[in-house]
**Q** 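Let me give you the structure first, and then I'll get to my questions.
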Amino acid sequence: VLIKNNLRPMRIGALYGSIPDECSYASIEKKKWKRNREDTGWICPIINCPKTETPLLWLDSDIDRKIEKLVPSQNIKGAITLESKHIALTRESLLKKTPDLLFITLEMLNQRLSDFKINKLFGINQYDKKPFLMLLDEVHTYTGTTGAQAALVIRRWKQALWNEDLKFVGLSATLSEADRFFSELTGIYESKIIEITPLKEEMVEEGAEYQIVLKGDPVNRTGLLSTTIQTIMLMGRIVEPMSEKSKLYGQKVFAFTDDLDVTNRLFDDLKDAEGWDVFNNNDSQKSSLARLRYKDINNYSRYRDGQDWRVCEGIGHVLNEDSATSKLKITRTSSQDTGVDMSSSVVVATASLEVGFNDPTVGVVVQHKAPHNWANFLQRKGRAGRQRGMRPFMITTLSDFGRDKVAFQHYEHFFDPRVPAQRLPISNRYILKIQGTITLFDWIAKKTPNHEIWMFKLLSRPAKNKFE
C-alpha cells in the first residue's frame with residue numbers, strides 16, 4: 001500500500017535484551033545470537049521472514065561493511081530480504097534514526113525512563129516526534145503485582161511524555177470486564193474506553209475440537225507423570241508424521257506444566273522413554289518404548305486390555321525401528337531454553353509459550369495437572385488448531401488428589417471455562433514504595449545537568465563496601 005502511494009516503507013525496531021549495541025561481532029556475540037550451520041552469519045532472534053517464516057541471517061560480509069541487512073537462511077520462493085530502510089538491528093541505528101514502530105518491554109521502559117540517551121526513543125523531550133499510540137498485546141497477562149507494576153510504569157511514561165492525544169489499544173481473547181481492567185492498567189477514565197468484541201452472529205463455526213480430561217489411577221501405583229508421558233507418546237503418533245503435510249490433525253504436540261521442576265523432569269523422562277540420550281542425541285542402543293506397542297496379530301489379550309496402537313502405524317508412524325526417524329524429537333521451551341525448534345515433534349513448555357507464538361502445525365496440547373487459572377488454560381488450548389478447519393486435541397491429565405480432584409469433580413469448567421474478572425493491586429503500599437523510589441530516580445536524572453548518566457543503573461546497584 002505504501003509503495004502504491006509513493007510513500008517510504010515503514011521502519012521498525014526493537015529494544016530489549018537481545019538487541020546489540022552496535023554493528024560488530026563482539027556486540028552481537030555478547031547478546032548470544034547463534035551462528036548458522038554454514039558459519040556465514042548470525043541467526044536473527046527477533047524476526048523471521050514475514051512471508052515464509054524462515055529464519056533470517058545477518059551475514060558476516062554485511063557486518064564487515066557496517067550494513068544492517070537480513071537475508072533468508074534458505075533459498076525458498078517468496079522469502080524476502082529486510083534492509084536498513086525496513087528494520088533497525090542495533091541500538092546505535094535506533095538512536096541515529098527513530099523507527100516508526102518500536103517493539104519494547106515494559107521492564108525496559110521502567111529502567112530506561114531515567115536514561116536520557118535512550119528515552120528519546122520513547123518520545124521524551126521529542127516535541128515533534130511524540131508517539132501517538134501504544135499497543136499492549138495479551139493484556140490479560142498483566143495480573144497481580146506484576147500487572148500493578150506495569151500500570152504504574154505506564155503512568156510514569158504518560159506523565160513524562162505529556163501528550164494529550166496519546167491513544168492506547170489493548171488486545172486479549174480472555175478478558176472479563178475489559179473496560180474496568182484497562183482503565184486500571186492505563187490510568188484512563190473508564191468512560192473513555194470502548195470495548196470491541198465480535199458478536200455471536202459474526203462468528204463462523206468451522207472444524208471441531210476433541211477435549212479429554214484424563215485422571216490417573218492411584219490403585220496401579222503409577223505416577224501422574226508416567227500417565228502424561230504415555231499420553232504424549234501416543235498423541236505424538238496420532239497426529240500426522242512430520243514428513244507429511246499437515247491438513248486436519250496437525251503434526252506436533254505442545255505439553256504444558258505450571259512448575260519448572262516438573263517441566264525439567266517431564267522433558268528428561270520423555271527423552272529417555274523415546275530413546276534419546278542426555279544430550280538429546282539418538283541412542284542407537286535404545287529403542288522407543290512405543291516399540292512395545294508394535295502390532296502383534298497373535299497377542300489378542302493385549303488388544304483386549306486396551307493397548308491397541310495399530311492406528312498409529314496406519315497413519316504412517318513406524319514403531320518397530322530404532323532409527324531417529326521413528327522416534328519423536330523432544331525439545332523444551334522455558335526460561336532456561338528460549339526459542340522453539342520448529343523441527344520438533346514434541347515441545348515441553350512452561351507459560352513462556354502460551355502467548356505470542358503461532359505454529360499452524362500444532363495439533364495436540366497436553367496440560368499436566370490442573371491449570372492455575374482459566375485464562376492461561378484458554379491460551380494454551382489456543383496453541384493448537386491455528387488453521388481453519390483443523391481438528392485439534394486438548395488433553396488434561398489429573399491426579400486423584402488435591403486441586404486435581406476438585407477440578408475433575410467440576411469437569412464442566414474444562415469444556416466451558418469462565419474467566420473471572422481481574423483486579424490490579426495498584427494501591428498496594430509495597431508496590432507504591434518500589435515505583436516511588438524509581439520515580440525519584442527519574443526526577444534526579446531530570447534535575448542533574450549531566451544527562452549522560454543512566455540514573456537507574458547508578459542508584460540501583462549495591463553500594464561499595466568501605467572495608468574492602
**Q** Does a donor on one side chain and an acceptor on the other come within less than 3.5 Å for Ser343 and Asp341?
**A**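 The criterion, which ignores hydrogens and geometry beyond distance, is satisfied for Asp341 and Ser343.
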**Q** Among Leu136, Asp137, Val139, Leu135, exactly one meets side chain to side chain contact (heavy atoms under 4.5 Å, CB included) together with Val169. Which residue is that?
**A**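 Looking at Leu136, Asp137, Val139, Leu135, the match for Val169 under the side chain to side chain contact (heavy atoms under 4.5 Å, CB included) is Leu135.
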**Q** Mind checking side chain to side chain donor-acceptor pair (under 3.5 Å) for Thr257 and listing every partner two or more places apart, or none if nothing turns up?
**A**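 Thr263.
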**Q** Closer than 3.5 angstrom, by distance alone: can the side chain of Lys66 be matched with the main-chain N or O of Cys23 as a donor-acceptor pair?
**A**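 It does hold such a pair.
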**Q** Please give me the minimum heavy-atom distance between Leu106 and Ala150, naming the atom from each residue.
**A**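 Heavy-atom minimum between the residues: CD1-CB, 3.5 Å.
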**Q** Between Asp258 and Arg403, is a salt bridge (Lys or Arg N to Asp or Glu O under 4.0 Å) present by the stated rule, with each step listed?
**A** CA-CA 13 Å; Asp258 290 301; Arg403 291 176 59 252; over 6 Å; no
**Q** Given side chain to side chain donor-acceptor pair (under 3.5 Å), test Asp179 with Ser183 step by step and report yes or no.
**A** CA-CA 6 Å; Asp179 295 0; Ser183 175; over 6 Å; no
**Q** If the condition is side chain to side chain donor-acceptor pair (under 3.5 Å), which residues does Lys271 pass it with, not counting sequence neighbours?
**A**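 Lys271: no side chain to side chain donor-acceptor pair (under 3.5 Å) contacts found.
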**Q** Kindly state each residue pair satisfying ring-ring contact (aromatic ring centres under 6.0 Å, His included) with at least one member in residues 386-406, sequence neighbours excluded.
**A**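 Applying ring-ring contact (aromatic ring centres under 6.0 Å, His included) to every pair that reaches into residues 386-406, excluding sequence neighbours, yields Tyr210-Phe393.
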**Q** Going by ring-ring contact (aromatic ring centres under 6.0 Å, His included), name the pairs with one or both residues in residues 441-463, residues two or more places apart or in two chains.
**A**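 Non-adjacent pairs meeting ring-ring contact (aromatic ring centres under 6.0 Å, His included): Phe116-His451.
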**Q** Distance check, rounded to the nearest 0.5 Å: Ile238 atom CD1 versus Met233 atom CE?
**A**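 Here the rounded value is 13.0 Å.
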**Q** For Trp374 together with Phe414, are the ring centres under 6.0 Å from each other?
**A**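 Yes, close enough.
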**Q** Do Thr228 and Thr397 have side-chain atoms, one donor and one acceptor, less than 3.5 Å apart?
**A**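 Short answer, yes.
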**Q** Determine whether Val366 and Val253 make a side-chain contact, defined as any pair of heavy atoms from C-beta on separated by less than 4.5 Å.
**A**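 They are in contact (side-chain heavy atoms under 4.5 Å apart), so the answer is yes.
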**Q** First locate atom CG of Leu94, then atom CG of Leu102, and finally report the distance between them rounded to the nearest 0.5 Å.
**A**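 Here the interatomic distance stands at 6.5 Å.
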**Q** Could you tell me the separation between the CD1 atom of Ile212 and the OG1 atom of Thr231, rounded to the nearest 0.5 Å?
**A**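 One finds 8.5 Å between CD1 of Ile212 and OG1 of Thr231.
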**Q** Could you tell me whether the side chain of Arg386 and the main chain of Gly382 form a donor-acceptor pair under 3.5 Å?
**A**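 Such a contact is found between Arg386 side chain and Gly382 backbone.
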**Q** Walk me through whether Gln211 and Phe415 qualify under side chain to side chain contact (heavy atoms under 4.5 Å, CB included).
**A** CA-CA 7 Å; Gln211 192 160 344; Phe415 305 106; 3.9 Å; yes
**Q** Under the ring-ring contact (aromatic ring centres under 6.0 Å, His included) definition, can you give me all pairs with a residue in residues 157-186, not counting sequence neighbours?
**A**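 For residues 157-186, and leaving out neighbouring residues, there are no ring-ring contact (aromatic ring centres under 6.0 Å, His included) pairs at all.
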**Q** Answer yes or no: does atom NZ of Lys158 have more than 12 heavy-atom neighbours from other residues, nucleotides or ligands under 6.0 Å?
**A**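 Enclosed.
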**Q** Could you please spell out the steps behind the salt bridge (Lys or Arg N to Asp or Glu O under 4.0 Å) verdict for Glu184 and Arg155?
**A** CA-CA 10 Å; Glu184 292 182 355; Arg155 286 163 170 77; over 6 Å; no
**Q** From Gln435 CD over to Asn428 CG, what is the distance, rounded to the nearest 0.5 angstrom?
**A**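 Those atoms lie 11.5 Å apart.
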**Q** Report the C-alpha separation of Arg180 and Arg423 in whole Å, then their side-chain angles, then the decisive distance to 0.1 Å, and conclude whether the side chain to side chain contact (heavy atoms under 4.5 Å, CB included) test is met.
**A** CA-CA 9 Å; Arg180 181 195 49 75; Arg423 300 300 300 264; 2.6 Å; yes
**Q** Apply side chain to side chain contact (heavy atoms under 4.5 Å, CB included) to residues Glu412 and His410 and explain how you reach the verdict.
**A** CA-CA 6 Å; Glu412 66 275 4; His410 298 84; 3.8 Å; yes
**Q** Please check: side-chain N/O of Ser344 versus main-chain N/O of Val346, any donor-acceptor pairing under 3.5 Å?
**A**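 No; zero donor-acceptor contacts below 3.5 Å.
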**Q** Carefully, step by step, assess Asp100 and Arg8 under the rule salt bridge (Lys or Arg N to Asp or Glu O under 4.0 Å).
**A** CA-CA 11 Å; Asp100 302 302; Arg8 66 173 180 83; 2.8 Å; yes
**Q** Report yes or no: does Asp359 contribute a side-chain atom to a donor-acceptor pair with the main-chain N or O of Met342 at less than 3.5 Å?
**A**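 No, because the side chain of Asp359 does not come within donor-acceptor range (under 3.5 Å) of the backbone of Met342.
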**Q** Only one of Leu57, Thr81, Asn48 passes side chain to side chain contact (heavy atoms under 4.5 Å, CB included) with Pro72; say which it is.
**A**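 Result: among Leu57, Thr81, Asn48, Thr81 is the only option passing the side chain to side chain contact (heavy atoms under 4.5 Å, CB included) with Pro72.
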**Q** Any luck finding a side-chain donor-acceptor pair between Ser93 and Glu68 under 3.5 Å?
**A**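 Present: a donor and an acceptor within the cut-off.
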**Q** Can you confirm if the aromatic rings of Phe256 and Phe377 lie within a centre distance of less than 6.0 Å?
**A**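 No.
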**Q** Check this for me: does any side-chain nitrogen of one of Arg91 and Asp21 sit under 4.0 Å from a carboxylate oxygen of the other?
**A**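 Salt bridge flag = yes for Asp21 with Arg91.
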**Q** What do the steps show when you test Asn358 against Arg383 for side chain to side chain donor-acceptor pair (under 3.5 Å), and what is the final call?
**A** CA-CA 7 Å; Asn358 181 25; Arg383 295 311 98 196; over 6 Å; no
**Q** Any donor and acceptor pair, going by atom type alone, linking the side chain of Arg11 with main-chain N or O of Ser84 inside 3.5 Å?
**A**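 Checking the backbone N and O of Ser84 against the side chain of Arg11, a donor-acceptor pair under 3.5 Å is found.
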**Q** Salt-bridged, Arg156 to Asp442, with N to O below 4.0 Å?
**A**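 Looking at Asp442 together with Arg156, the answer is yes, because their closest N to O distance falls below 4.0 Å.
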**Q** Residues in side-chain contact (heavy atoms from CB on, under 4.5 Å) with Thr145, at least two apart?
**A**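 By the side-chain contact (heavy atoms from CB on, under 4.5 Å) rule, Thr145 matches Ile431.
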**Q** Should Ser352 and Ser334 be marked as a side chain to side chain donor-acceptor pair (under 3.5 Å) after you check the CA-CA gap, both sets of side-chain angles, and the distance that decides it?
**A** CA-CA 6 Å; Ser352 58; Ser334 66; over 6 Å; no
**Q** Closest approach of Thr437 and Lys433, non-hydrogen atoms and distance?
**A**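 Heavy atoms of Thr437 and Lys433 come nearest at OG1-O, 2.8 Å.
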**Q** Decide if atom NZ of Lys51 counts as having more than 12 heavy atoms of other residues, nucleotides or ligands within a radius under 6.0 Å.
**A**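 No - once you tally the heavy atoms of other residues, nucleotides and ligands closer than 6.0 Å, there are 12 at most.
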**Q** For the backbone of Val262 and the side chain of Asp259, can you confirm whether one donor and one acceptor N or O come within less than 3.5 Å of each other?
**A**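 A pair under 3.5 Å: yes.
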**Q** From Lys252 NZ over to Glu240 CD, what is the distance, rounded to the nearest 0.5 angstrom?
**A**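 CD of Glu240 is found 13.5 Å from NZ of Lys252.
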**Q** Could you tell me whether a side-chain N or O of Asp404 sits under 3.5 Å from a main-chain N or O of Ala370, the two making a donor and an acceptor?
**A**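 Answer holds: yes.
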**Q** What I want to find out is whether Arg391 reaches Glu209 closely enough, with some N-O distance under 4.0 Å, to be called a salt bridge.
**A**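 A salt bridge is absent here (no side-chain N lies under 4.0 Å from a carboxylate O).
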**Q** Would you check if the side chain of Lys215 reaches a backbone N or O of Val213 as a donor-acceptor pair within less than 3.5 Å?
**A**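 Not a single qualifying donor-acceptor pair exists.
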**Q** Could you tell me whether Arg380 and Glu354 have a side-chain N and a carboxylate O separated by less than 4.0 Å?
**A**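 So Arg380 pairs with Glu354 through a salt bridge.
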**Q** Which distance, rounded to the nearest 0.5 Å, do you find between the CG of Leu56 and the CD1 of Ile87?
**A**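 It is 8.0 Å, given to the nearest 0.5 Å.
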**Q** What are the two closest heavy atoms between Leu185 and Gly147, and how far apart are they?
**A**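 Nearest pair, atom of Leu185 first, then Gly147: CD1-O, 4.1 Å.
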**Q** Ignoring hydrogens and geometry, is there a side-chain-to-backbone donor-acceptor pair from Gln379 to Lys381 under 3.5 Å?
**A**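 It does not hold such a pair.
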**Q** Which heavy atom of Ile315 sits nearest a heavy atom of Val239, and at what distance?
**A**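 Reported closest heavy-atom pair: CG2-O, 3.8 Å.
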**Q** Got a donor-acceptor contact below 3.5 angstrom from the Tyr16 side chain to the Glu107 backbone?
**A**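 No; zero donor-acceptor contacts below 3.5 Å.
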**Q** Strictly by modelled atom types, are Thr90 and Glu92 linked by a side-chain donor-acceptor pair under 3.5 Å?
**A**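 No pair is found: no donor N or O on one side chain lies under 3.5 Å from an acceptor on the other.
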